[in-house]
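To start, the structure under review is shown below, and the notes come after it.
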Amino acid sequence: MGRSRLSFDPALALWLTLVALICVWPIVHAAGAILAALPSAGLDVRWPLLASTFAWAGGIGAIATVLALPIVLATRGLRARWSPLVALPLLMPMPLVYAGLNLFRAPGTAVGDWLAMGPSWRAIVAGRIVAVLGLALWSTPIAAAVLAAGLRSVDRALPESAALEGAGVIRRTLTTLAAIRSSLLASLAVVCVVMTGSAIPLHLAQINTYSIVLWLELDASPAGEAARVWLAALPVLAVALAASVIVAMLVTREARRPDDPVAPPRAPRAAIVCSVIVLACASLAPLALLARELSTLQTFSVLWRTERAALIQSASIAVIVGGFGAIIAWAARVAVVARPRVVALGLAALLLTALAPGVLVGSAVARAWAGVALVADSPAILVVAHLARLGAVAALLGVLIAAAEPRARRDARRLDGAIGLLGSLRASGDAALASAVGLAIAAMSLGEIEASVVVQPPGAESVARSMLNMLHFARYEHLSGLVLLVATPAALLGGGAWILFLLARTLHHRRAFR
C-alpha cells in the first residue's frame, strides 16, 4: 500500500504542474503582496457599495435560477444527447445578450422613442433592466448545472407517488421544487458569486458595483501598488474562496461514487417549450437582432481591414487555450479517481481565479509573470490569463465526466487495463470527450474580456477589447458585424463539441455491449 502511494502518477503530476503555473503562482504572489502591504495600507472596504453589489448580483442569481428551472425539468426527461445544448449561451461573449436586447430601445424604435420623450430616469432604468436580464440569461446554464446536481438526488418515487394521488403537473412540480430547495439557494448563491466579479454589462448600464470601482482604482494605481486594491477586494475574494472550496469538495466527492444511470421521468411539454424560449433568448435571438442591425455586407470587409490582427490573434489564442483546456480536463478526469483530495485542492484554486473579479486575476497574473520576459512581453500572457479564468470550467467538466461514468464501465475499463493518462485516452470515446471540452473552452476564450484588458501587452490586439470599445461608444453597426464574426466560430466550435459528445456516447454504448 505504501509503495502505491509513493509511486509516480503521470496524471497527477500533469495536473499539479498545470494548476501551479496557471493559478497557484499568481495566487501566492498576490497573497504575499497583500500581507506585505497590510500593516501600512490597512483595509479600505466600501461596505455600502459592497452590499449594493451583492444585492444586484443576488437579483441576477434569482432570475437565472427561475429561468433555469424549466431547462432542468426538460433536460432531465430528454435524452442525454440534448443536454450539451444548455451550455450554448456560455459559449457566446458575455455582452452579446446585452448588446442584442439593447437594440429594442435604439433610436427610431417604439421603445426608444418612448424613452426619448420621457424623463431621463426612464432610459437609465431601461438600461439596467436590459443589463440584469442579459446577465441572467447568460448565466442560466450555470444555475441549471447546480439545479441538475440537486435534482439528481431526488427520489423518483416522490413525484410518482404524488401522481398516484391524483396531483396535477403544477402540484408535482412544486413537490419536486420543495425537495431541492437547498439546490435553489445554492444556484442563487453560485450565480451571485460569479456576477459579483463581473463588471462590463453592469458598468455599461451605469450600475456602480464593487468590481467596477476596483477596476478603476487598479487603472489609476501606479505600478507596484496593486496590493492596495487587492486589500480592498478581500471581502469579495473571501466569498469567492469559500464558494471555490465548497464546490470543489462537493464535485470531487461525487466523482468517487459513480452510480448506474436511472431512467429519468418524462419531460413536461411546457418545460420543453419554456426551455427553447429561454435558450433562444440567450443566444439565437440576440444574434438575429444584431444581424438585422447590419445595413450592408460591406461592414464585414471594413471590419476585416480594421480588426484583422485582433481576429487572427484571438483565434490563435483560443486554439492554444482550447488545447490546454482539453489537457486540464483529462488530467482532472484521471487523477480524481485515485487522488480526489489533491484534485479538490487544485480545483479550488482554479475556481478562485474563475470566481474572483477578472481584473484582479489579470493583475495578479501580470505581476506574477512580470519577471519572465518570454511570457510577460508576448501573447503567452493572454493564454495564461484565459486559462486562469477558464481552467476551472475544463477541470469541472473533467471531474463530471468521471462522475458520470457508470460503475460497471469503470470496472470493465480497469480489467482491460485502460487506466492512467494514456490508457484512459485509448478507451473508446474518451479522447472524443477530451476534444469536446477543448472546443468548448476555445469558444469561451473568444469572448474573455476582463482579464485580457489588464494583461494585454503593448502592441497586442484583442477582439474582446474591440467589442468593449464599440459597446462604450455605441457603434452598433460595427459591433453587430464583429459579434457575428466571433459568435459564428464560437457556435461552430460548440457544434463540434456536441458532435464529439455524441460520438463518445456512441462508442461507450458499443463498448458496453461488446
Side-chain angles (χ1 to χ4, degrees), residues 19-58 189-190 192-200 202-203 207-248 345 348-372 375-376 381 384-385 387-389 391-392 448-456:
V19 171
L21 294 175
I22 292 169
C23 61
V24 172
W25 170 232
I27 290 174
V28 170
H29 187 274
I34 289 174
L35 292 176
L38 186 58
S40 58
L43 291 176
D44 183 20
V45 181
R46 305 183 184 184
W47 297 108
L49 180 60
L50 185 62
S52 173
T53 299
F54 279 115
W56 282 107
V190 169
C192 177
V193 174
V194 173
M195 289 298 108
T196 301
S198 178
I200 291 171
L202 293 179
H203 173 53
I207 299 176
N208 195 28
T209 65
Y210 210 74
S211 294
I212 295 168
V213 172
L214 293 175
W215 190 346
L216 295 175
E217 291 186 354
L218 198 62
D219 283 341
S221 298
E225 293 189 10
R228 180 179 58 82
V229 183
W230 295 340
L231 275 171
L234 279 181
V236 177
L237 296 176
V239 172
L241 177 60
S244 302
V245 172
I246 293 172
V247 171
L345 289 174
L350 286 169
L351 283 168
L352 177 58
T353 56
L355 297 177
V359 291
L360 295 183
V361 175
S363 174
V365 168
R367 294 177 183 274
W369 291 96
V372 184
V375 176
I381 192 68
V384 177
L387 288 173
R389 296 293 286 166
E448 209 293 318
I449 295 180
E450 294 179 2
S452 300
V453 298
V454 178
V455 303
Q456 188 168 313

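The analysis underlying the following values was restricted to heavy atoms, covering all of them including side chains, and did not include hydrogens, waters or symmetry mates.
Checking each of Val245, Leu241, Val361, Val24 against Leu352 for a side-chain contact (heavy atoms from CB on, under 4.5 Å) leaves exactly one that passes, namely Leu241.
No donor-acceptor distance shorter than 3.5 angstrom exists from the side chain of Trp215 to the backbone of Val359, with no hydrogens or angles considered.
Here the closest heavy-atom approach between residue Ser363 and residue Val454 is recorded as N-CG1, 3.5 Å. In plain terms, the two heavy atoms of Leu214 and Ala232 that are nearest each other are CD2-CB, 4.2 Å. Shown here for Ala57 and Met195, the closest heavy-atom pair between the two residues is CB-CB, 3.9 Å. Closest approach of Leu49 and Val213 over heavy atoms only: CD2-CG2, 3.3 Å. For Ala366 against Ile381, the heavy-atom pair with the smallest separation is CA-CD1, 4.4 Å. Closest of all the heavy-atom pairs between Leu351 and Ala248 is CD1-N, 4.0 Å.
Rounding to the nearest 0.5 angstrom, the gap separating the OG atom in Ser211 from the CG atom in Leu360 is 7.5 Å. Here the OG1-CD1 distance, from Thr53 to Ile207, works out to 10.0 Å after rounding to the nearest 0.5 Å. To the nearest 0.5 Å, atoms CG (Leu218) and CZ (Arg228) are separated by 9.0 Å. The distance from atom CZ of Arg389 to atom CG of Leu355, rounded to the nearest 0.5 Å, is 8.0 Å.
By the side-chain contact (heavy atoms from CB on, under 4.5 Å) test, Ala33 is found to be paired with Ala227, Trp230, residues two or more places apart in sequence or in another chain being considered. Every residue two or more places apart in sequence or in another chain that forms a side-chain contact (heavy atoms from CB on, under 4.5 Å) with Leu21 is listed here: Thr17, Trp369.
In this structure, the side chains of Trp47 and Pro235 come closer than 4.5 Å at one or more pairs of heavy atoms. Within the 4.5 Å cutoff, no side-chain heavy atoms of Pro357 are placed close to those of Thr196.
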